[in-house]
Each structure stands twice: as structure tokens, then as C-alpha cells.
J.: 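Before we start, here is the structure in question, set down as C-alpha cells.
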Amino acid sequence: MGSTSAENNGTGSTAGVGRRDLIKRSAALGLISVPTMSFLSACASGGGGGDGEKAKAGKKTAKNPLGVNESAPMEFVLFDGGFGKEYAEDAVKIYEKNFPEASVKFSATQKIQSTLQPRFNQGTPPDLIDNSGAEQMDMGTLVGKNQLADLTPLLDAPSYDDPAKKVRDTLRPGIVEMGQFDGEKVWILYYAYTVYGVWYSQKALNALDAEYPETWDQMLAVCEKAKKKGIAGWTYPGKYPYYIPFSLYPMIAKVGGAEVLDAIDNLEPNAWKHPAVKACFEAYYELYRKGYILRGTPGLDHIQSQTAWAQGKALFLPNGSWVENESANVIPDDFEVTVSAPSGLDSSDKLPFGTIWASGGEPFIVPAKAKNGAGGMEQLRIMLSEASSKNFTSKVKSLTAYNGGTDGITLTPGLKSGVAALEKAGQNVVNPRLQDWYVQLQKEKIGVAGLGEMMAGRLTPAEAIKKIQGFADEAAKDDSIKHYKHQ
């Protein structure tokens, strides 16, 4: 998920990835990005024309294990979101220092799809792309139409800091698996590590003489207490209501078990009709029905909702760990940014309090038709060094896919609370894949047309579930998209 909206994406056929093997105890934070537009069929048709010649391979050496052509140009396009671009610019300087004869073209944009789709069609894509943000290209379509290069050569290359370790051996648990769609090949490198959940100000909670609610009755009681003080219980990006699942999906897993999310990801018939889904939808609808949602929320974008939250107009905000950096200019110094796993229903829940969604975010890809794909992978190898990882963490308040890089860094309140939330979760970390596998379904249909309408009071929970199940059934029957399944 970039950060200007949060999410990943995909569209997806059988095969896959085991979620519970993905992220077992890991401590990290980051961002994910929200794609809202599907990768159009013109781009997905398999790659269009374009006859740009690929750079000739360079000589493989200890310092150049990927055999980068030392004089070949390299182009890197970054999503310009909540993480900014300075961390990437710093990593580009290292590439330029290592390959002084190479020219590097670096650019940052929030318009990933509209900027790059024509270039994919023409067969002239950049060498490295941070495919994130509201205009994220549909990852499942890219994979299904053979638009991406397999990153296995990067993962099997010596790490930047220690030649005795492969790059894959330096990554956090689950990062490699998240980049896989059909078997062993790895199509995506998620650079950040995101903790999703309910974000709040510990100071604001203290001022209400309240503790974070572990059950839904407690949640409603805290919201009522806040309402009496003129503070809304919740806000969210009403224009991008696919943020709501950041806390709703792990709540569903807590109530009904992780297998409920697996069934949803797998597009199984009636998966959305599970009693846990019904119970959680009804719980969230109560927030609307009781007037605990900040007035005007359905019309807010992510920045506006985060600003209202930072100004103390609402207590709780479903979001990802990029929010601390993205809203740094409006969050007061004494705010005490904190993230928690979602509240559950009651003691009958299948999983304990602390069950949370965390996963790799900020998806980097190397196009199959890149002229200098080896250069794109080498840029990623540099970014996965300890120094670059530490630079990212210190500048953007998020951890990376690199399993380390925090020594000597003072963790910010949000980052520290995210790490604590992951430690509390232990094995109970879930990773729904809808936003990777079926972006349009997740964002435009489930998010905007389903959850967004329900939380605005225009659909009842029963109506929302029926509508969303219909969307899922349509996707399951759509032979034009590839389908993926948990194994």
C-alpha cells in the first residue's frame, strides 16, 4: 500500500501461499498502499509492442553479483506517498556511486497506473517500480499476464552486507512468500512491513479515563463516553472505505478463526455469510447507528480523516503503520500515537485479544520487459542493506523487509506500539490476501460499494453481506482473471 491510500493488489487461479506460514512472530512496521483502480485490460493483454533493446549483461563479480551492465542506464519510478522519496533518493546515490558510468533516471509520482500503463503497453517500462498508492497497478493481472520478472536471482544473490548470506536470508518472515502467486517464483518484493489496526491517541484515551476496549460492549461504552465530551468514537477515509478492513478483517478472524478469512480469500461460495462476518458487520454498523462516527466522514479522504483524528475530533482510526509519518505534520508532539489489535466481540471469540493484521507493504516490481532489469534488482539489493534499511526506518517511522536495522534508532511512539502489538499477537498474526489477489474486488466493490455504503447508513449489514457475496461470486466465475488459493 503506498501510503497515500493504503493497499496492495492482485487478481487471481489456483495455487498459492499459506498465510499462517507467512508472518509468524516478526517485529516490524511499515506501510501498504491502496490501489483503487484495476489494471486495465489493454495493459493486461500481455505486453504490447515496443522494441527497446535490453542492456547487455555485465560481468558478475563479488561486488556485482547480479552482473549489472555498469554503463547501462537505469530507471526507477517511486510511488510518492506517506513515506516520501528521500529514502529512495539516498539509495539511488549509492547505486550511482557503485556504477559511476551509469545514468540513473529517478522520478516519483502518485499516478502510478496512468503514468506507467501506456509504457507497459508499448513494452518500454522502467527498470524498477514502487507499485503503490491509489493508482496501484493490479498485481494479480501483472503476474497472470507475465508482465513481471522473477526476483529469484535477487533473492539468491549475496546480501549487500554479508556475502555469506543470501538476500532471502536477511528478510523478515513472510516477505518472500507474499511475493509468490503461483509456486516458487517471486514476483514482488514488499519493502516495508505494515501493522494494520486501530490507531488512537493514548493521551486522548487517558483524558477520558478509559482503557483500550477488548470487547465490543467495552468499545461502545468508550465511544459513548467520548460522545458526551463532544468527541466522535471513530472516523475513517469515507472516500476510500477499503481502509475499514484494516481493523474489520482481523476482527472477523478473531471472532470466527483465521479460516474464515482464508475462505473469503479463496472466493468460496457463501464465505461472506459466515456467522463471524455477520456478527462483525453488525458490530461496526452499531457505530453508525449510535452516532459514534464523526459527522461528514463518508466525504473525507485519507488525509482529511487522519487530520480530524490528529486534531482530537475522533478517538479511533482504522489504518496502517504509515499513518504516523504521513500525518506527522498534524499530529501533536504529545499525541502518543498508539496502535492496537481490534476489539473482539466477547469471550466466545475463537482467537485471543491481540489478533492483528500485519504484512509486507510497499510492493516493488521489476517489469519483464525492463531494459535493465538487473540494474533494478541491484537497486533493490542496495535498499535491503542494513544501512539503507536503517535510513528508511529513521526517516519514515517504519520498519522494512530487512530483518534488523533498528540498532541505535530511537523508535517513535507509533513504531514502538506496533512492535509491541506484534509481540502481543505472537502466532495470531493474519494476512488477508484479497487486497493483493483481487484489487478491484477489494477496493471498489467490497470497500466502496459494500462497506462504504453500510457505514454511511445506506445499506444494512444483511444487505451489505448479500451484495459483497454477489461481488465475490462474480469474481470467482470470471474466467478473464486468474484465481489464487491458500494451500
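Atoms considered below: every heavy atom in the structure, side chains included; atoms not considered: hydrogens, waters and symmetry mates. Values in this document were obtained by computation on a predicted structure and should not be read as measured data.
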J.: Quick check: closest heavy atoms across Ser114 and Glu135, and the distance to 0.1 Å?
T.: N-OE1, 2.7 Å

J.: Are Phe364 and Trp187 an aromatic pair, judged by ring center distance below 6.0 Å?
T.: no

J.: We want to know whether Thr297 and Thr235 form a side-chain donor-acceptor pair, criterion being a heavy-atom distance below 3.5 angstrom.
T.: yes

J.: Under 3.5 Å, side chain of Asp301 to main-chain N/O of Gln304, donor-acceptor pair present?
T.: yes

J.: Determine yes or no for a side-chain-to-main-chain donor-acceptor pair under 3.5 angstrom, with Lys227 supplying the side chain and Lys290 the backbone.
T.: yes

J.: Can you spot which of Tyr284, Tyr196, Trp199 makes a side chain to side chain donor-acceptor pair (under 3.5 Å) with Ser247?
T.: Tyr284

J.: About how many Å separate CG of Asn428 and CG of Leu351, when rounded to the nearest 0.5 Å?
T.: 5.0 Å

J.: Verify, without hydrogens or angle tests, whether Arg433 (side chain) and Asp262 (backbone) share a donor-acceptor contact under 3.5 angstrom.
T.: no

J.: My understanding is that only one of Thr400, Thr170, Thr406 makes a side chain to side chain donor-acceptor pair (under 3.5 Å) with Ser389; could you say which?
T.: Thr400

J.: Asn319 and Gln306: side-chain donor and acceptor closer than 3.5 Å?
T.: yes

J.: For the residue pair Lys313 and Gln311, confirm or rule out a side-chain donor-acceptor distance under 3.5 Å.
T.: yes

J.: I'd like to know whether CZ of Arg458 has more than 12 heavy-atom contacts from other residues, nucleotides or ligands below 6.0 angstrom.
T.: yes

J.: Quick one: does any side-chain atom of Gln218 pair with a main-chain N or O of Glu214 as donor and acceptor, under 3.5 Å?
T.: yes

J.: For the residue pair Phe246 and Trp322, does the interplanar ring angle fall in the parallel (under 30°), tilted (30 to 60°) or perpendicular (over 60°) class?
T.: perpendicular

J.: Measuring from atom CD1 of Ile481 to atom CG of Leu441, what distance do you get when rounded to the nearest 0.5 angstrom?
T.: 7.5 Å

J.: Output the distance between atom OG1 (Thr215) and atom CG (Leu345), rounded to the nearest 0.5 Å.
T.: 9.0 Å

J.: Go through it in stages, so that I can follow the logic: the residues are Glu336 and Lys203, the test is salt bridge (Lys or Arg N to Asp or Glu O under 4.0 Å), and I'd like the CA-CA distance, side-chain angles, deciding distance and then a yes or no.
T.: CA-CA 6 Å; Glu336 297 180 60; Lys203 179 185 176 183; over 6 Å; no

J.: I'd like to know whether Tyr292 forms a side-chain hydrogen bond (donor to acceptor under 3.5 Å, both in side chains) with Glu224, so could you lay out the CA-CA distance, the side-chain angles of the two residues, the decisive distance to 0.1 Å, and finally the verdict.
T.: CA-CA 7 Å; Tyr292 296 151; Glu224 181 61 27; 2.5 Å; yes

J.: Under 3.5 Å, is there a donor-acceptor pair between the side chain of Asp150 and the main chain of Val186?
T.: yes

J.: Quick check against the 3.5 Å criterion: does Ser340 have a side-chain atom that pairs as donor or acceptor with the backbone of Val198?
T.: no

J.: Using the ring centroid of each side chain, check whether Phe335 and Trp309 are separated by less than 6.0 Å.
T.: yes

J.: Mark yes when over 12 heavy atoms from residues, nucleotides or ligands other than Tyr288 sit less than 6.0 Å from its OH; otherwise mark no.
T.: no

J.: Quick check on Asn329: does its CG atom have over 12 non-hydrogen neighbours (other residues, nucleotides or ligands) under 6.0 Å away?
T.: yes

J.: Hey, is the main chain of Gly360 close enough, under 3.5 Å, to the side chain of Thr194 for a donor-acceptor pair?
T.: no

J.: Which heavy atom of Ala283 sits nearest a heavy atom of Met251, and at what distance?
T.: CB-CE, 4.0 Å

J.: Minimum heavy-atom separation for Val222 to Ala210, with atom names?
T.: CG2-CB, 4.3 Å

J.: Could you give the distance from OG (Ser343) to CG (Leu220), rounded to the nearest 0.5 Å?
T.: 9.0 Å

J.: Classify the side-chain pair Thr412/Glu324 by whether it contains a donor and acceptor separated by less than 3.5 Å.
T.: yes

J.: Quick one: CD1 on Ile112 to CG on Asp130, what's the gap to the nearest 0.5 Å?
T.: 6.5 Å

J.: Please determine, by modelled atom types, if His486 and Asp265 share a side-chain donor-acceptor pair under 3.5 angstrom.
T.: yes

J.: Do side-chain atoms of Lys467 reach the backbone of Ala449 as a donor and acceptor pair under 3.5 angstrom?
T.: yes

J.: Rounded to the nearest 0.5 Å, how far apart are CG of Leu451 and CD of Glu453?
T.: 10.5 Å

J.: Run the ring-centre check on Phe83 versus Phe392 and record whether the distance is less than 6.0 Å.
T.: yes

J.: Report the residues that fulfil side-chain hydrogen bond (donor to acceptor under 3.5 Å, both in side chains) with Glu286, sequence neighbours left out, ordered by chain and then residue number.
T.: none

J.: For Lys278, does the NZ atom have more than 12 heavy-atom neighbours from other residues, nucleotides or ligands under 6.0 Å away?
T.: no

J.: Tell me if a side-chain donor or acceptor on Gln110 pairs with a main-chain N or O of Asp80 at a distance below 3.5 Å.
T.: yes

J.: Is the distance between the ring centroids of Tyr484 and Phe181 under 6.0 Å?
T.: yes

J.: Does atom CG of Asp209 have more than 12 heavy-atom neighbours from other groups under 6.0 Å away?
T.: no

J.: Do any N or O atoms from the side chain of Thr393 and from the backbone of Lys390 form a donor-acceptor pair under 3.5 angstrom?
T.: no

